[in-house]
Amino acid sequence: MPQHDFFVDLHCHPTYKPFGRSFRMGTPGQASNRPGDLNSVWNYDPPGAGDKLLNFVKGLTRFSQANLTAAAYGRTGVMTVSLGSIEKGFFRTKLGTGALADLVSEFTAGLSVPRINHIQNMTDYFADLLLEWDFLLANNEKFTRIDGMNYAYSIVSSFQELEAVMDFNDSELEAKMRNPRHAVQTKIALVLSIEGLHVLNTGLDQPVSDADVLDKVRQIKTFDKAPFFVTFSHHFNNDLCGHARSLPPPLNRLCDQEKNIGTGFSALGEQVLRLLLDRTVGRRVLIDIKHMSALARREFFAIRDADFPKLPIIVSHGAANGRRSMDQPTIIDSPETGEKLCPDDINFYDDEIVRVVQSNGIFGLQLDERRLADDETIRRVKHSIFRHKILHYRTEVIWRQFRHIAELLDRNGLPSWDNLAIGSDYDGIVNPVNGIWTVEDYDDMVGYLERHIYHYMVEEKAPGLTHDFNKISPDEIIKRISWQNAWSFFKRNF
C-alpha cells in the first residue's frame, strides 16, 4: 500500500472540456501537453468570484473542475477518467439547433460551438469515442512543467501498473528527503472507464445492428488500455437499457429524456451485458449501475445473482435517496437523515446500497449538491461570507449522506466504512457543493468532514452505530473514504 496519503476520484471527466475546445481550435482531437493551452488536460481554470456567483445563483459551472493541474495541487493521485461521446439529446433542445441554441448549450456545458455542431451532426458515436481516447493517449507518460515541478499522467490497465505509479511517486518523495536538490517527478494515475453505452452506436434514432454492436464491445474489451468498467446507461435512450430521469434545471425543461426512460434491459442490452462480463473474450469489464433506471437495476441484480454471483457492484458516482426500496419508496427508515436526501430514483434505495456492500463492491459519492439533498434542505443551509463557515455548513450535506449509509449498513450487520469512496463527477453536468469547487479543494473537504465525523463518533458516541467494528476513529474513516477503500477495490478487481 502507498506510503503517503492522496485522493482517489472514481468518476470524473478531465477530457470533456479540453477535447471539446480542440474543435474550436480547428484541430478536432489534437491534444496539447502544455498547461497554458485550452486543448490540454493540464489547462488550469480555477473559478473566480464571478464564476462562483454564477454557480451559486444559476447552478452553471463554467470553470474547470477536474483538470490535472488542479488534481496535482489537490493531491488527487488516482482518477478514473470517464470517456464517452456526449449524447445528441443535449443539443436537440426546444430552442432547436440554431445559433441561439448552440450559444445556450455552450454556456451551459462549457464546451465550444464547433464541438456542439459536431455532436448535432453525429452519426457515429463510436468514432467519436475513439477520437477522445486518442486525445488522452497522445500525451500519456509525457512530463510537463508546472510551477517548477515535473508532472505526467500514466494510463494504467491493471492494479500492478497502478501500484507501480504510486511506488514511483513514493520513491521520488524519498529521494527528495535524501537530497533537497532532487527535482521531483510526480505521476497521476488514470484508470479508464466509459459512461454510456450509446458509444456502441445505439440511441441514434437509426436501425441498430446487433452484430455491429457486439463487435464493438469485443473491440473495446481488447484495447491495450481497455476500460475497467462501463456506466451502462446515461441520460438518453441507448436501445440497450432504460435510464433514470437525471437532468437538472434548465436542461430538464429544454431536453427530452422520455424515450425508454424507466424501462429495463432490451434483449440486445442483456447480450452486451453478458459479453462485457465474459472472461473468454478480452478483459472482463465491470458494470457501473449509475444512471440505470430503478427497474433496470432490479433486472441487473437478478442476472448477477443467477449467473455472476461473485460480481462486485459498482456505483461510481451516486447518492442515497433515503427510501427503503423501489417497492416501498415512501418508507424512510432513518428519518433524521433520510428525510433530507434527494428522493429521486437516479439516487439509490437503501436495499440497493446494502446489495452493493454485500457484493464487496464500491460506492463513490457524487459531489453534486442537487443529488446530495432535497431542494428544501439545500435552501436551508446557512450562508456566510467566510470560507471556513461555508465549508462547515456545506460539508454537513456530504456528511449526512455518509452517515445515512453508515447507519444503514450497521443495521444490516455490515461494515459501515469499507465500501465508501469519492466519485465527484466533476466536469460532468455538476453543481458542486459550494466551497468544494474543484478537485483542488479535496483537502479542505475532508478536513471539515472530519469535524462532523468527530462530533458524531466521539462527542455523540456514534448514536446510530451498534456494532463495535464500525466504531473506528474519525481519521481512519477519512483515510478509507479518501483513498484506501478504492485502492482495495482496485487491488481485488483491476
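Keep in mind that what you see is a predicted model, and the values were worked out from it rather than measured. Positions are given from 1 along the sequence. Just so you know, these numbers use all the heavy atoms, side chains as well, and skip hydrogens, waters and symmetry mates.
Contact annotation: the side chain of L372 approaches that of L365 to within less than 4.5 Å [non-hydrogen atoms, C-beta and beyond]. Looking only at side-chain heavy atoms (C-beta outward), V397 and V433 stay at 4.5 Å or farther from each other. Taking 4.5 Å as the limit, some side-chain heavy atom of R283 sits within range of a side-chain heavy atom of S157. A heavy-atom distance below 4.5 Å is not found between the side chains of R492 and P312. No side-chain heavy atom of S193 sits less than 4.5 Å from a side-chain heavy atom of F228. Counting heavy atoms from C-beta on, the side chains of L200 and I220 come closer than 4.5 Å. A heavy-atom distance below 4.5 Å is found between the side chains of F229 and T80. Counting heavy atoms from C-beta on, the side chains of E132 and Y16 come closer than 4.5 Å.
Atom CG of N431 sits about 11.5 Å away from atom CG of L367, to the nearest 0.5 Å. Atoms CG and CD, from L131 and Q30 in turn, are 11.0 Å apart once rounded to the nearest 0.5 Å. Atom-to-atom distance recorded for E163:CD and D170:CG is 10.0 Å, nearest 0.5 angstrom. Rounding to the nearest 0.5 angstrom, the gap separating the CD1 atom in I314 from the CZ atom in F489 is 4.0 Å. Separation of atoms CG (D215) and OG (S209) is listed at 9.0 Å; rounding is to 0.5 Å.
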Self-check item: Step-by-step side chain to side chain contact (heavy atoms under 4.5 Å, CB included) determination, F90 to L247
Solution: CA-CA 10 Å; F90 280 114; L247 297 183; 3.5 Å; yes
Quiz item: Can you check side chain to side chain contact (heavy atoms under 4.5 Å, CB included) on I362 and V315, steps first, answer last?
Solution: CA-CA 6 Å; I362 195 77; V315 175; over 6 Å; no
Quiz item: Which is it for S233 and M292 under the side chain to side chain contact (heavy atoms under 4.5 Å, CB included) test, yes or no, and what are the steps along the way?
Solution: CA-CA 5 Å; S233 302; M292 284 184 185; 3.9 Å; yes
Exercise. Show the numbers, then the answer: is there a salt bridge (charged side-chain N to carboxylate O under 4.0 Å, His left out) between D205 and K259?
Key: CA-CA 10 Å; D205 294 328; K259 186 174 182 180; 3.4 Å; yes
Exercise. Kindly determine whether L136 and L192 satisfy side chain to side chain contact (heavy atoms under 4.5 Å, CB included), including the steps that lead there.
Key: CA-CA 10 Å; L136 190 59; L192 298 188; 3.6 Å; yes
Quiz item: Run the side-chain hydrogen bond (donor to acceptor under 3.5 Å, both in side chains) check on H182 and E172 step by step: do they pass?
Solution: CA-CA 8 Å; H182 175 71; E172 285 290 289; 3.1 Å; yes
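Under the 3.5 Å distance criterion, with hydrogens and angles disregarded, a donor-acceptor pair is assigned to the side chains of N260 and N237. Under the 3.5 Å distance criterion, with hydrogens and angles disregarded, a donor-acceptor pair is assigned to the side chains of S316 and D288. Side-chain contact of D374 with T377: a donor-acceptor pair under 3.5 Å is present, judged by distance alone.
The two residues Y153 and L68 have their closest heavy-atom pair at CD2-CD1, 3.5 Å. When every heavy atom of A296 is checked against every heavy atom of G242, the shortest pair comes out as CB-O, 3.9 Å. Scanning all heavy atoms of the two residues, the minimum distance from H234 to E87 falls at ND1-OE1, 3.2 Å. Between C342 and N347 the shortest heavy-atom distance is O-ND2, 3.2 Å. Across every non-hydrogen atom of S82 and H13, the tightest pair is O-ND1, 3.1 Å.
Judged purely by atom type and a 3.5 angstrom limit, D128 has no side-chain atom pairing as donor or acceptor with the backbone of S85. In this structure, N485 contributes its side chain and L420 its backbone to a donor-acceptor pair below 3.5 Å. Under the 3.5 Å distance criterion, the side-chain polar atoms of N419 are matched with a main-chain donor or acceptor of G361. Panel note: side chain D147, backbone M149; no donor-acceptor pair is recorded below 3.5 Å. Listed for the R115 side chain is no donor-acceptor partner under 3.5 Å among the backbone atoms of F23. Within the 3.5 Å criterion, the main-chain N or O of Y125 finds a donor-acceptor partner in the side chain of N201. Looking only at distances, no side-chain donor or acceptor of D344 sits under 3.5 Å from a matching main-chain atom of I346. In this structure, the side chain of D134 does not engage the main chain of G29 through any donor-acceptor pair within 3.5 Å. Between the side chain of H317 and the backbone N or O of S424 there is no donor-acceptor pair closer than 3.5 Å. Proximity of a side-chain donor or acceptor of S293 to a complementary backbone N or O of T263 within less than 3.5 Å is detected.
The ring-ring contact (aromatic ring centres under 6.0 Å, His included) test applied to F223 returns W133, not counting sequence neighbours. Shown here are the side-chain contact (heavy atoms from CB on, under 4.5 Å) partners of E270, two or more places apart in sequence or in another chain: R274, I303. For D443, the salt bridge (charged side-chain N to carboxylate O under 4.0 Å, His left out) partners are R75, not counting sequence neighbours. Not a single salt bridge (charged side-chain N to carboxylate O under 4.0 Å, His left out) links K176 to another residue, sequence neighbours left out.
Remark: R394 engages E369 in a salt bridge, criterion side-chain N to carboxylate O under 4.0 Å. Between R370 and D368, at least one side-chain nitrogen of the basic residue sits less than 4.0 Å from a carboxylate oxygen of the acidic one, meeting the salt-bridge criterion. Ionic pairing of R387 and D444 is present here: one or more N-O contacts between side-chain nitrogen and carboxylate oxygen are shorter than 4.0 angstrom. A salt bridge is absent between D167 and K187; no separation between the charged side-chain nitrogens and carboxylate oxygens falls under 4.0 Å.
The distance between the ring centers of W487 and F159 falls below 6.0 angstrom. Between F300 and F232, the ring centre distance reaches or exceeds 6.0 Å. Checked against a 6.0 Å centroid threshold, the rings of H291 and H243 do not count as neighbours.
Exactly one of Y73, W437, F7, F6 qualifies for a ring-ring contact (aromatic ring centres under 6.0 Å, His included) with Y442. That residue is F7. A side-chain hydrogen bond (donor to acceptor under 3.5 Å, both in side chains) with K17 is found for exactly one of D45, N67, D427, N39, namely D427. Q366 pairs in a side-chain hydrogen bond (donor to acceptor under 3.5 Å, both in side chains) with only one of the listed residues (Q401, H11, K290), which is K290.
Sorted by first and then second residue, the ring pair (Phe, Tyr, Trp, His ring centres under 6.0 Å) pairs with a member in residues 202-221 form an empty list; sequence neighbours excluded. Sorted by first and then second residue, the pairs that involve residues 218-237 and meet salt bridge (charged side-chain N to carboxylate O under 4.0 Å, His left out), not counting sequence neighbours, are E161-K225.
Relative ring orientation between W42 and Y151 is described as tilted, the plane-to-plane angle lying within the 30° to 60° band.
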